K.L.:
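Before anything else, here's the structure in question.
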Protein chains: 2
Amino acid sequence: MEPNAFREHRPSMCRAREILDRVGDKWSLQVIAMLGEGTKRFTELKREIDGISQRMLTVTLRGLERDGIVSRTVFPVMPPRVDYALTPLGATLLDAASALVGWAEAHLDEIDAARADYDTRTAELDALRSS
Amino acid sequence: MEPNAFREHRPSMCRAREILDRVGDKWSLQVIAMLGEGTKRFTELKREIDGISQRMLTVTLRGLERDGIVSRTVFPVMPPRVDYALTPLGATLLDAASALVGWAEAHLDEIDAARADYDTRTAELDALRSS
DNA sequence: CGGGATCCTGGGCGATACTG
DNA sequence: CAGTATCGCCCAGGATCCCG
């Protein structure tokens with residue numbers, strides 16, 4: 001049995017949920033992923049992250065900045081210019097999250113198959129029940 | 001520069017979001033964590049996962065079962081008995097997720113400090129603005 | 001015991017308009 | 001360009017009741 005962070009002590013889970021709430025929302029991970037490519041400006045992020053509204057980009061970046069995951073650099077020029085980048089802490093988070101993304105890519109086929117399997121099985125049961 | 005699953009090709013991210021939607025919801029990860037300790041019954045899970053409603057436990061377990069992460073075994077007896085356990089696939093997910101939980105535990109202090117820092121800084125700015 | 005079915009609310013999120 | 005402010009929708013998830 002390999003070491004398992006979950007088992008050590010229960011209270012860690014509730015704190016861990018805070019982090020997953022941070023990373024598990026709709027946009028944070030994608031923002032972190034984009035910044036993993038290097039420093040980017042606001043509009044650049046908005047252009048590259050498909051479907052995000054400027055409001056949610058702002059909100060997400062603020063949250064990540066507050067947690068010390070993203071750094072925000074304002075240049076006092078006209079028109080305004082703001083650079084965003086991962087902090088060292090943010091970079092370590094990207095690495096940790098990459099493990100999950102790697103898992104996802106490695107097992108997507110299995111999951112799709114499991115879903116199809118489950119759906120057909122339940123469909124058969126429903127058919128039986130209505131007969 | 002270490003390998004980064006995010007950079008390889010963009011389409012992987014959208015699929016990756018599916019997985020984070022699965023694991024990033026309010027309860028899935030905790031259910032997986034509990035089942036990491038071994039096979040458990042419905043009521044057992046409900047008792048050990050603090051705050052979960054039976055509805056959400058059912059919904060969560062169904063979703064995980066559909067994705068092939070959790071197995072469900074029904075014993076046709078009275079009163080009913082149903083056992084839940086991680087599948088091999090689920091066990092690998094638990095390992096991958098543990099990386100994130102480990103990161104969370106390792107950096108909680110940094111994050112708390114960053115938040116406190118951010119909050120006091122913005123509080124000072126607000127004070128200046130209202131003067 | 002292990003669920004379904006139904007109802008209801010909070011807040012996450014999008015759309016739009018305005019600003020330095 | 002990089003936001004802020006406001007409004008409103010939608011649905012995840014909680015509460016409750018019932019059932020085999």
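None of the values given here were measured: they were computed from a predicted structure. Letters go in sequence order (proteins before strands), and every chain restarts at 1.
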K.L.:
Could you give the CD-to-C1' distance, from A:E44 to D:dG3, as a whole number of Å?
P.N.:
17 Å
K.L.:
At 4.0 Å (heavy atoms only), tell me whether B:F75 reaches a base, stays on the sugar-phosphate, or touches nothing.
P.N.:
nothing
K.L.:
Which side-chain hydrogen bond (donor to acceptor under 3.5 Å, both in side chains) pairs, counting each pair once, include a residue from residues 49-60 of chain A, with sequence neighbours left out?
P.N.:
none
K.L.:
Less than 4.0 Å between a side-chain N and a carboxylate O, is that true for B:R66 and A:D119?
P.N.:
yes
K.L.:
Using a cut-off of less than 4.0 Å, is there contact between a side-chain N or O of B:R41 and OP1 or OP2 of C:dG3?
P.N.:
no
K.L.:
Who pairs with A:R115 by salt bridge (charged side-chain N to carboxylate O under 4.0 Å, His left out), at least two apart in sequence or on another chain?
P.N.:
B:E18, B:D67
K.L.:
Rounded to the nearest 0.5 Å, what separation is found between the CD atom of B:Q30 and the CG atom of B:L57?
P.N.:
11.0 Å
K.L.:
A:R81 has an atom CZ; how far is it from atom C1' of D:dA2, in whole Å?
P.N.:
13 Å
K.L.:
Using only side-chain N and O atoms of B:Y84, determine if any of them is under 4.0 Å from OP1 or OP2 of C:dG3.
P.N.:
yes
K.L.:
Does any pair with a residue in residues 15-70 of chain B pass ring pair (Phe, Tyr, Trp, His ring centres under 6.0 Å), and if so which ones, sequence neighbours excluded?
P.N.:
none
K.L.:
Mind listing the side-chain donor-acceptor pairs of residues 83-92 of chain B below 3.5 Å, one per line with the distance, residues two or more places apart or on another chain?
P.N.:
residue: B:D83; atom: OD1; partner: B:R81; partner atom: NE; Å: 3.2
residue: B:D83; atom: OD2; partner: B:R81; partner atom: NH2; Å: 3.1
residue: B:Y84; atom: OH; partner: B:R72; partner atom: NE; Å: 3.1
residue: B:T87; atom: OG1; partner: B:G68; partner atom: O; Å: 2.6
residue: B:T87; atom: OG1; partner: B:I69; partner atom: O; Å: 3.2
residue: B:T87; atom: OG1; partner: B:L89; partner atom: N; Å: 3.4
residue: B:T87; atom: OG1; partner: B:G90; partner atom: N; Å: 3.0
residue: B:T92; atom: OG1; partner: A:W103; partner atom: NE1; Å: 2.8
residue: B:T92; atom: OG1; partner: B:L89; partner atom: O; Å: 2.6

K.L.:
Find the distance B:I49:CD1 to D:dG13:P and express it as a whole number of Å.
P.N.:
14 Å
K.L.:
What is the distance from CG of A:D21 to C1' of C:dG12, rounded to the nearest Å?
P.N.:
12 Å
K.L.:
Out of curiosity, does B:Y118 fall in the hydrophobic cluster containing A:L35 (side-chain heavy atoms, cut-off under 4.5 Å, transitive links)?
P.N.:
no
K.L.:
If hydrophobic clusters are built by linking Ile, Leu, Val, Met, Phe, Trp and Tyr wherever their side-chain heavy atoms come under 4.5 Å apart, do A:M78 and A:V82 end up in the same one?
P.N.:
no
K.L.:
Sugar-phosphate atoms are those with a prime plus P, OP1 and OP2; base atoms are the rest. Using that split, label each nucleotide of nucleotides 14-20 of chain D B, S or - for protein heavy atoms under 4.0 Å, 5' to 3'.
P.N.:
BBB---B
K.L.:
With the threshold set at under 4.0 Å for non-hydrogen atoms, list the residues of residues 57-64 of chain B touching DNA chain C in residue-number order.
P.N.:
B:T58, B:R62
